[in-house]
Amino acid sequence: MAGALQAPRSCPPKEEKEEEEEDQEQPEGGKEQRVSEEEGRASAGAAEGGRGDEDVHVEWKEGEPVPFSHLSSTLDRVQGTSKRLEIISIVTAALSTVRRLTPDDLVPFVYIMLGRVAPPFKGLELGVGDSVLVQAIAAASGHETSKIKEEYKKVGDLGQVAVATRRNQLSLSPVRALTVRSVFEAMKSAAAIEGSESVKQRRDIILCLLVAARGNESLWITRILQGKLRVGLAEPSVISALAATFVLHPPASSSSSFPSPLPPPSLSPEEFKKESSIATEALKEALAQQPCYETVVPILLEHSYQQLPVLCPLTPGVPVKPMLAHPSRGVSEVTKRFGNKTVTCEYKYDGERSQIHWLEDQKVKVFSRNSEDTTGKFPDIVELLPKIVEGGGVKSAILDCEVVAVERATNRILPFQILSTRARKNVQLSSLKVDVCVFAFDILLLNGESLMRRPLIERRQILRQNLREVEGRFKFVSSIDPTSPEDMEEFFQVALQDSCEGLMIKSLEGEPSQYAPDKRSREWLKLKKDYIEGMVDTFDLVVVGAWQGRGKRTGVYGAFLLACYNSETDEFETVCKLGNAKVPEGPNQPDVWFDPSTVWEISAADLSLSPQHTACYGVVHASRGIALRFPRFVREREEKGASQATTSQQVKEIFSQQRNVQSGEESDASTS
DNA sequence: CCTGTCTGCCC
DNA sequence: ATTCTGC
DNA sequence: GCAGAATGGGCAGACAGG
């Protein structure tokens, strides 16, 4: 006992050896739980009222650090419902209290819920995955890591494992209670660690958190560090709640003293709902243009949300959330959706989405689809850009592009798998091994002026008039503005011939053609051949193994291992795992192997050379097999036996054909 | 110094 | 990336 | 149709450990 008490004082505790007292505590049982229930009722009431108001139980004083238990009990309550509005309402209530008492903790509170530590473009990552967590949980519980892994498989949720294996359930722990602030600081310091021993240090930081955690807190700490709350709460809902919070608690009018002590009493539920949705839109727009809570939240504390988009303008050097596209199952579906609006079809290149910024000081920044700063990966683009903007009056610009690997001698497009071998950090021009061509398709800003509200037809014209193509290095995407479905169909085929994945289809004129950052729009459609039935070879594959599912899939299989049949050796060779089968029957053993008998039809986008899978190993490559890219379940082939599955020879044939279309040659990726 | 594992991030 | 599901 | 949560192949880079 002494040891158990002592450990938390010296943080991190040393490796311990003492026997584990079998704690029989039920995580659902403690007294913390009773408090949660009360709070649960409180905010459920608020939810029914439609707004999400203050917490009834406030356990800290104005200006003091927010206790972590506030966040923890909030998540407990969120877990109790699957209704989105109710979730948002619960989070709104929690944020409102924080906003009123300790507004400085709003940003940490939000970051913790999102499992992040900084905006994506700052390049600061937690560096915590399941493995480190398992080690920390093992250390905190006194169990072996193997035991924790075993439990994880069985329970399907590391957070629950952390709670269930907790060593001392003493509510009167000698460690100070966690605060939102201290947890966030711990996360930041974990993220900052590097070098040898860094894994141990991270483990120890987490260990401290777990030791200091009370009741359900270890559940949430674990899930937060995994980056998955698994309660139906993710960024869009957090944003909605944050917006609603500031509807309830706007900044004191003009610049007077403190936040208004009371929510504006005059808002009817309908008005609140309406205002909240307006505020959410404004906040989403601001965060799309300035994806940084440290910037946006302080502005919200000072100014009305109506001014947000103006106060968080599109800024060269700061990434914008890119506009995304929805899949579409064929030209007929596309024409149906767009009616007789004018549209454009652009090649959909198989590369990496890149947002290229040209700054007033002539600096260049490149951002990925997820707003990561990838400038260091593309020194050639940095070098190229002055040539692109040369001569014109381009002082600043933000371009939306797809970067594609090319073979420099011929400027032929290469597969994505080649692009992905590019070095990523601090790459020197002289050491580049993979050449690229930038295919530009949109411009969001020119000379400081946002173009996002302009129709695409204008943006496209501005793009093409102000920037210069450089053969093999910077091109505008191939496109047509089709006048008939037949045009579109034909262009689709041409795109496939030209080594593209398919087409992007976009409105050209009017409001739907404006640039809508983030997921807020399905105005763009993507058309790929593997979306279209009958356009792509499918595979009849044998189910040879399975893994236990996690989370929602606890207790059923989460993924299956599939194989083709090598008729020469009479062996089954794996080609992919599959995660989207409608989980059949299945005993509940973990990670099993099956006798090859069940055959499933699987479709895929592509085949790739695989370091993992054994199909055709040594046949198309000395030390690699072949795998399916984006495999998905089509149906069961009950009439087929295992030996009637697609053969390895057929897989090889399909692979070879694909390579011929793609690059003309089967030039080996692994020379030199 | 080499290899395996983990993590994050592309798709 | 793709897919399924609850709202 | 959105949001959320399951799941895929595969790469570089950073460490751990021999």
Side-chain angles (χ1 to χ4, degrees), chain A residues 81-88 120 123-135 156 191 193-202 226-240 324 326-327 349-354 368-372 374 377 402-403 415-427 433-434 501 518-522 526 528 530-531 547 549-554 556-562 574-583 602-613 624-634 669:
Chain A
T81 178
S82 59
K83 295 188 171 67
R84 205 150 74 213
L85 293 178
E86 200 171 315
I87 289 171
I88 291 169
L124 193 61
E125 306 307 329
L126 217 40
V128 173
D130 283 356
S131 174
V132 183
L133 283 168
V134 165
Q135 289 176 45
I193 293 171
E194 51 186 31
S196 84
E197 304 270 271
S198 58
V199 175
K200 271 193 196 121
Q201 290 178 50
R202 267 199 273 271
Q226 283 185 302
K228 300 183 290 189
L229 293 176
R230 293 199 36 243
V231 289
L233 175 64
E235 190 161 17
S237 297
V238 171
I239 293 174
S240 291
L324 304 176
H326 274 202
Y349 299 86
D350 190 8
E352 185 174 328
R353 183 86 176 262
S354 292
S368 74
R369 172 195 154 116
N370 294 314
S371 302
E372 299 287 333
T374 53
K377 181 177 173 179
E402 189 81 8
V403 173
F416 175 79
Q417 201 173 12
I418 303 290
L419 179 66
S420 70
T421 65
R422 252 208 177 207
R424 291 171 195 178
K425 290 195 162 176
N426 294 317
V427 183
K433 296 216 174 65
V434 176
E501 290 185 303
D518 216 356
K519 302 173 165 62
R520 298 187 296 134
S521 157
R522 51 152 210 170
K526 55 180 170 182
K528 306 208 307 189
D530 51 298
Y531 299 158
W547 286 265
R550 295 171 172 178
K552 280 178 172 176
R553 300 241 183 116
T554 300
V556 293
Y557 293 127
F560 298 88
L561 184 61
L562 305 186
T574 69
V575 267
C576 66
K577 293 203 284 176
L578 181 77
N580 74 333
K582 36 93 218 206
V583 230
I602 306 297
S603 77
D606 261 327
L607 297 179
S608 57
L609 279 172
S610 173
Q612 276 298 132
H613 293 284
R624 287 181 166 225
I626 292 175
L628 306 198
R629 186 185 187 197
F630 310 146
R632 52 252 202 200
F633 180 87
V634 178

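By convention in this document, chain letters (A, B, ...) are assigned in the order of the sequence lines, proteins followed by strands, and residues within each chain are numbered from 1. Here the structure is a predicted model, which is why all the values come from computation and not from measurement.
For A:D518 and D:dG4, the CG to P distance is 11 Å, given to the nearest whole Å. Going from atom CG of A:L85 over to atom P of C:dG6 covers 17 Å, rounded to whole Å. Between A:K552 atom NZ and C:dG6 atom C1' the separation is 8 Å, expressed in whole Å. Between the P atom of C:dT2 and the NE2 atom of A:H326 lies a distance of 11 Å, rounded to the nearest Å. For the pair A:R553 CZ and D:dG8 C1', the interatomic distance rounds to 11 Å; values are reported in whole Å.
Note on A:R202: nothing from the nucleic acid sits closer than 4.0 angstrom, heavy atoms only. Using a 4.0 Å heavy-atom distance criterion, A:P611 is classed as a sugar-phosphate-only contact. Contacts of A:R230 with the nucleic acid, taken as non-hydrogen atoms under 4.0 Å apart, involve only primed sugar atoms and P, OP1 or OP2. No engagement by A:Y349 is indicated, since no non-hydrogen atom pair under 4.0 Å with the nucleic acid exists. Residue-level contact check: A:L419 touches neither bases nor backbone, having no heavy atom under 4.0 Å from any strand.
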## Note on the structure
Nucleotide by nucleotide, nucleotides 3-11 of chain B touches protein heavy atoms under 4.0 Å in the pattern (B base, S sugar-phosphate only, - none) ---SSBSSB
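With DNA chain D read from its 5' end, the first of the two nearest nucleotides for A:I193 and A:R550 is the one closest to A:R550. When each of A:R422 and A:R84 is assigned the nucleotide of DNA chain D bearing its nearest heavy atom, the one mapping closer to the 5' terminus is A:R84.
Under the side-chain hydrogen bond (donor to acceptor under 3.5 Å, both in side chains) criterion, A:R629 pairs with A:D350, A:D606, not counting sequence neighbours.
Checking C:dT3, D:dC15, D:dG4 against the side-chain heavy atoms of A:P236 singles out D:dG4 as nearest.
Note that CZ of A:F560 and CD1 of A:I602 are 10.0 Å apart. Values are rounded to the nearest 0.5 Å.
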